[in-house]
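Below: one structure, written as structure tokens.
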There are 2 protein chains.
Amino acid sequence: MRIGELGRAAGVDGETIRYYEKAGLLPPPARALNGYRAYGAAHLERLAFIRHCRALDVPLAEIRRLLDFVDRPDADCGDINRLIEAQLARVRARLKSMRALEKQLAALRSRCEAGHVAAECGILHELVAAAHGEACACHASAPDSAAGGREAKRR
Amino acid sequence: MRIGELGRAAGVDGETIRYYEKAGLLPPPARALNGYRAYGAAHLERLAFIRHCRALDVPLAEIRRLLDFVDRPDADCGDINRLIEAQLARVRARLKSMRALEKQLAALRSRCEAGHVAAECGILHELVAAAHGEACACHASAPDSAAGGREAKRR
DNA sequence: GAAAACCCTGTAGCCGCTCCAGGGTCAAGC
DNA sequence: GCTTGACCCTGGAGCGGCTACAGGGTTTTC
């Protein structure tokens, strides 16, 4: 099948499929005489796997590692446990900071009644005051803000 | 004060401060004779405000709008309510999908006992099966994946 | 035989930074 | 006077995970 068909079957945009190919997640398919990519059932399966992992918010680099296990079924899979564990830890950390965030925002929301002018806006006042560190719970537990990644690469 | 001092005072990297200036969030400061940026107390206050909003995960574009209100204290602040409301809605949507995600991952984690080989790995099997759509709760409520932004701009 | 739908490659854009190259400046210590 | 190190400058590239577009070619449908 061609890229559009594959995309519809897996619920993925064609450009994204080409991106996965470039990123080394999908093997380059055969080409028809006109140069069009020609996919088979195996590609659909692999693509569905990738999408499912992405739905679990697993980064592409880890999906690549998972696919390695799929490709080498006799490898030891102890790492898979660790990988899932790490992903779970990431998600839980993010959840925790987001719950704190929600509280902050919910508290803010009720501080401004309609019809005001910015100078008297409770929300704005609260934000400015909080920025000074008064009564501010969220500086302590800020959201992870990109959370690591990328140490010691390049060059 | 110079950029390093400001950065230390606000807990922000100097490069980030220059980035905020380029992005139009911090007004360009005066310059010393040697070309060094020279900041005053107002800059520190504004920077602290920005960081506080970022801690609330408010996107820079919205912080820019909030700063407009700070700068024009006589403007109507009805929009601020809507802005906070929108941010809260974003956070809650993301929370919801992340809770589903956590469940999925936690369920996965117990599927593989150590010492296995990839071909028999419960996690891998589960992922592959789920990708086929069998017993998969997470396709229905996938994480927001970049969540919008960017419609109808450029050109 | 023209229009619409599809495909190709390659490149640039989004966010919010972070890092680097390749310079200049300035204070302290020898 | 000279080195060392800390700081500062500009401009540009990089991250992840796509998405969009320019500028072409092909295939299908009317």
Side-chain angles (χ1 to χ4, degrees), chain A residues 1-26 28-39 47 50-51 53-64 87 90 94 142-155, chain B residues 1-26 28-39 47 50-51 53-64 87 90 94 142-155:
Chain A
M1 67 192 129
R2 305 197 303 198
I3 199 169
E5 204 180 337
L6 176 64
R8 274 186 300 276
V12 185
D13 191 79
E15 308 239 34
T16 303
I17 296 174
R18 283 193 280 262
Y19 172 76
Y20 286 159
E21 183 181 329
K22 233 189 311 183
L25 290 163
L26 269 182
R31 297 290 183 132
L33 293 177
N34 54 15
Y36 288 12
R37 289 171 177 81
Y39 294 100
L47 183 54
I50 295 170
R51 290 312 287 182
C53 292
R54 287 297 301 136
L56 292 175
D57 225 11
V58 177
L60 294 188
E62 306 224 329
I63 297 177
R64 212 170 290 134
Q87 177 63 16
R90 262 200 303 278
R94 181 94 179 122
D144 55 14
S145 63
R150 125 81 81 90
E151 60 278 25
K153 279 188 188 172
R154 279 197 304 159
R155 218 163 311 255
Chain B
M1 66 193 132
R2 305 195 302 196
I3 200 170
E5 204 180 337
L6 175 65
R8 275 185 299 276
V12 185
D13 192 80
E15 308 240 34
T16 303
I17 296 174
R18 283 194 278 260
Y19 171 77
Y20 286 159
E21 182 181 330
K22 233 187 309 183
L25 290 163
L26 270 182
R31 297 289 182 134
L33 293 178
N34 54 14
Y36 288 11
R37 288 173 178 80
Y39 293 101
L47 183 53
I50 295 171
R51 290 312 287 182
C53 291
R54 286 298 300 138
L56 292 176
D57 226 11
V58 177
L60 294 188
E62 306 223 327
I63 297 177
R64 210 170 291 133
Q87 176 64 16
R90 261 200 305 277
R94 180 98 179 118
D144 56 15
S145 65
R150 128 74 84 87
E151 61 279 24
K153 279 189 185 172
R154 279 197 305 160
R155 221 166 309 256

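Heavy atoms only: backbone and side chains are in, while hydrogens, waters and symmetry mates are out. Reminder, nothing fancy here: chain letters follow the sequence lines and each chain counts from 1.
The side chain of B/L60 lies closest to C/dG16, out of D/dG17, D/dC9, C/dG16.
Rounding to whole angstrom units, CD of residue A/E62 and P of D/dG16 are separated by 12 Å. One interatomic measurement links the two molecules: OH of B/Y19 to P of D/dT10, which rounds to 17 Å at whole-angstrom precision. When the C1' atom of D/dC8 is taken as reference, atom CZ of B/R31 falls 10 Å away, rounded to whole Å. Taking atom CD1 of A/I17 as the reference point, atom C1' of D/dT19 lies 14 Å away to the nearest angstrom. Rounded to whole Å, the distance from CG on B/L26 to P on C/dC17 is 12 Å. Rounding to whole angstrom units, CD1 of residue A/I50 and P of D/dG16 are separated by 16 Å. Protein atom CG of B/L25 is 12 Å distant from nucleotide atom P of C/dC15, rounded to whole Å. Rounded to whole angstrom, the span from the CG atom of B/D13 across to the C1' atom of C/dG16 amounts to 13 Å.
For C/dG16, neither phosphate oxygen OP1 nor OP2 lies less than 4.0 angstrom from any side-chain nitrogen or oxygen of B/T16. Residue B/R8 places no side-chain N or O under 4.0 Å from the OP1 or OP2 atom of D/dA6. Applying the 4.0 Å criterion to OP1 and OP2 of D/dC9, one finds that B/R37 has a side-chain N or O inside that range. For the pair A/N34 and D/dT27, the criterion of a side-chain N or O lying under 4.0 Å from OP1 or OP2 is met. Using a 4.0 Å cut-off, some side-chain N or O of B/Y20 falls inside it from OP1 or OP2 of C/dC17. Proximity of A/R2 to the phosphate of C/dC6: no side-chain N or O atom is located under 4.0 Å from OP1 or OP2. The side chain of A/R54 contributes an N or O atom lying less than 4.0 Å from OP1 or OP2 of D/dC18. Proximity of B/R18 to the phosphate of D/dT10: no side-chain N or O atom is located under 4.0 Å from OP1 or OP2. A close approach under 4.0 Å does not occur between any side-chain nitrogen or oxygen of B/R51 and OP1 or OP2 of C/dG16.
Residues B/R37 and B/R31 meet the side-chain proximity criterion, which asks for heavy atoms closer than 4.5 Å. At a threshold of 4.5 Å between non-hydrogen side-chain atoms, the residues A/C53 and A/E62 do not count as touching. With contacts defined as side-chain heavy-atom distances shorter than 4.5 Å, the pair B/L47/B/Y39 does not qualify. The shortest distance between side-chain heavy atoms of A/L26 and A/R18 does not fall below 4.5 Å. A heavy-atom distance below 4.5 Å is not found between the side chains of A/Y19 and A/L25.
Donor-acceptor pairing under 3.5 Å, judged by distance alone, is present between the side chain of A/Y36 and the base of D/dG25. Checked by distance alone, A/E15 brings a side-chain donor or acceptor within 3.5 Å of a matching partner on the base of D/dC21.
Looking at residues two or more places apart in sequence or on another chain, you find no salt bridge (charged side-chain N to carboxylate O under 4.0 Å, His left out) involving A/E5.
Here B/K22 lies out of heavy-atom contact (under 4.0 Å) with every strand.
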